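What follows is a short report on a single structure.
Given the structure is predicted, the values throughout are model-derived calculations rather than measurements.
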Amino acid sequence: MIPLFEHARQLELTQAEEEILDYFIRHPKSASYMSLQELSRQLYTSGATIVRFCQKLGLGGFNDFKYQLRRELQEARQTVFQSDDYIKRSIALFKDNLVSMDLDSLEQIAALLTSKRPLYIYGGNLSSLPAHYLQMVLNSLDYPSILVEWERLLGALVNTVGDDAVLLILSAHGNDRYLPTFQTAMERGLTTILFTCEPDSPLIPYSTIAVCTNDVNREYRGVDVNTRIGFFTVIQILIEMAVRNKESAET
C-alpha cells in the first residue's frame, strides 16, 4: 500500500471517509485523474466531504491529493495505463491545470509583459520551445523582448541589466543551479517570474511571481519527455491577456 493510504488508515475517519478511502484503494489510477464532480457522483457523496477527507490527510484539497497520489503511484511504478486511459489522463491534467491557476498572478504577469519594461525570457533545453513561442508572439504584438537560451548568458545578464528589467525564466525542473541567478536578482530588486513544474522548487522563494503547472517531470532512457503542455497553456492565456491589454490601449 502506498504511503498516502497507509497514513489515511492511521486516522480516525468517519464512515463516509472510510468509503472514500476504500474507493481510492480499489481504484487508485483512475481516481487520480477524476474530477471532484465525477468522484462525487461515483461515491454518492458531496464534494465538500471529499475535500475534508483530503484536508484531514494534511493536504490543501482534492487537487493536492491527486497530485500526491500520482507521485506516489509513479514512485511505486503503478502508472501503467490502458490505451484509452491516456486521453482521459491528458484531459484530467489539462483541467486540473486550469483550475489551479491563480488569475491574479497571471494578470500581474500580463501587465509586466506589456509594460514596455525591458523583458528577458529564458528557457533552456525543451523549455526553450514555449519560451521562444512567447517571445515571438510578444514581439509580433510590438512588445519587445529578448530570448535567452544560454544559462551562462542568463547568469551574466542578471548582473548587468537595468533595475527596471523583468526576467521571465522557464525551468520545468526548477533546478537549484539557477539559485545564484535568482538570489542576485532578489538582492538587486529585479522582477523575476518563474514557470516551473516543481511545487517544492528552491527557486520559488526567490521569485517575485511563481507559476507552478502540473506538467510531469520524467525521463525515458535519459530523455526528457515532459510535454510542457501546462507551460504552453499558461503562455497562451498570457498572450490572450496581452492582446486584450493592447486593444484597451488602442481604444
Give a yes or no on whether [X] and [Y] share a hydrophobic cluster (residues Ile, Leu, Val, Met, Phe, Trp, Tyr; joining criterion: side-chain heavy atoms under 4.5 Å apart).
| X | Y | answer |
| --- | --- | --- |
| M136 | I109 | yes |
| F195 | L103 | yes |
| L134 | V211 | yes |
| I146 | I121 | no |
| L141 | I237 | yes |

Look up atom [atom1] in [X] and atom [atom2] in [Y], then write down how far apart they are to the nearest 0.5 Å.
| X | Y | atom1 | atom2 | result |
| --- | --- | --- | --- | --- |
| Q68 | L4 | CD | CG | 6.0 Å |
| T45 | L43 | OG1 | CG | 7.0 Å |
| L154 | L167 | CG | CG | 7.0 Å |

_Ignoring hydrogens and geometry beyond distance, is a side-chain donor-acceptor pair present between Q42 and E38 at under 3.5 Å?_
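Not at all, the side chains of Q42 and E38 share no donor-acceptor pair under 3.5 Å.
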*asked:* Between Q236 and E240, is there a side-chain donor-acceptor contact under 3.5 Å, judged purely by atom types and distance?
replied: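 Yes, Q236 and E240 have a side-chain donor paired with an acceptor closer than 3.5 Å.
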_Does K56 form a side chain to side chain contact (heavy atoms under 4.5 Å, CB included) with L13? I'd like the steps, not just the answer._
CA-CA 9 Å; K56 186 174 283 190; L13 302 177; 3.8 Å; yes
Under 3.5 Å, side chain of [X] to main-chain N/O of [Y], donor-acceptor pair present?
| X | Y | value |
| --- | --- | --- |
| D215 | G230 | yes |
| R117 | D164 | yes |
| N125 | S127 | no |
| T196 | S171 | yes |
| R52 | E17 | no |
| T192 | T208 | yes |

*asked:* Taking atom CD as the centre, does E6 end up with more than 12 heavy-atom neighbours from other residues, nucleotides or ligands that are less than 6.0 angstrom away?
replied: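 Above 12, so yes.
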*asked:* Tell me whether R152 at atom CZ has more than 12 heavy atoms from other residues, nucleotides or ligands lying less than 6.0 Å away.
replied: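 Check fails, neighbour count at 12 or below.
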How close do [X] and [Y] get, heavy atom to heavy atom, and via which atoms?
| X | Y | answer |
| --- | --- | --- |
| G162 | L190 | O-CD2, 3.4 Å |
| L73 | P28 | CD1-O, 3.8 Å |
| S207 | L203 | OG-O, 2.9 Å |
| S40 | S46 | OG-C, 3.8 Å |
| T181 | G155 | OG1-CA, 4.0 Å |
| A172 | N226 | CB-ND2, 3.9 Å |

*For V234 and M101, run side chain to side chain contact (heavy atoms under 4.5 Å, CB included): C-alpha distance rounded to whole Å, both residues' side-chain angles, the deciding distance at 0.1 Å, then the answer.*
CA-CA 8 Å; V234 173; M101 286 183 190; 3.5 Å; yes
*Measure the acute angle between the ring planes of F24 and F65, then classify it against the limits of 30° and 60° as parallel, tilted or perpendicular.*
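It falls in the tilted class, 30° to 60°.
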*Can you say whether the rings of Y23 and H27 are parallel (under 30°), tilted (30 to 60°) or perpendicular (over 60°)?*
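Aromatic pair Y23/H27 classed tilted.
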*Please lay out, stage by stage, how Y143 and L119 fare under the test side chain to side chain contact (heavy atoms under 4.5 Å, CB included).*
CA-CA 9 Å; Y143 293 121; L119 173 63; over 6 Å; no
*Steps toward side chain to side chain contact (heavy atoms under 4.5 Å, CB included) verdict (T114, K246)*: CA-CA 8 Å; T114 59; K246 191 168 186 65; over 6 Å; no
*For residues 99-134, pull every pair meeting ring-ring contact (aromatic ring centres under 6.0 Å, His included), keeping only residues two or more places apart or in separate chains.*
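Every pair satisfying ring-ring contact (aromatic ring centres under 6.0 Å, His included) with a residue in residues 99-134: Y122-Y178.
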*List the steps and the verdict of salt bridge (charged side-chain N to carboxylate O under 4.0 Å, His left out) for R71 and E198.*
CA-CA 12 Å; R71 173 176 285 186; E198 292 294 342; 3.7 Å; yes
*Quick one: name the residues clustered hydrophobically with Y67, using the 4.5 Å side-chain heavy-atom rule over I, L, V, M, F, W, Y, and just say none if it's on its own.*
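Hydrophobic cluster check, Y67: no partners found.
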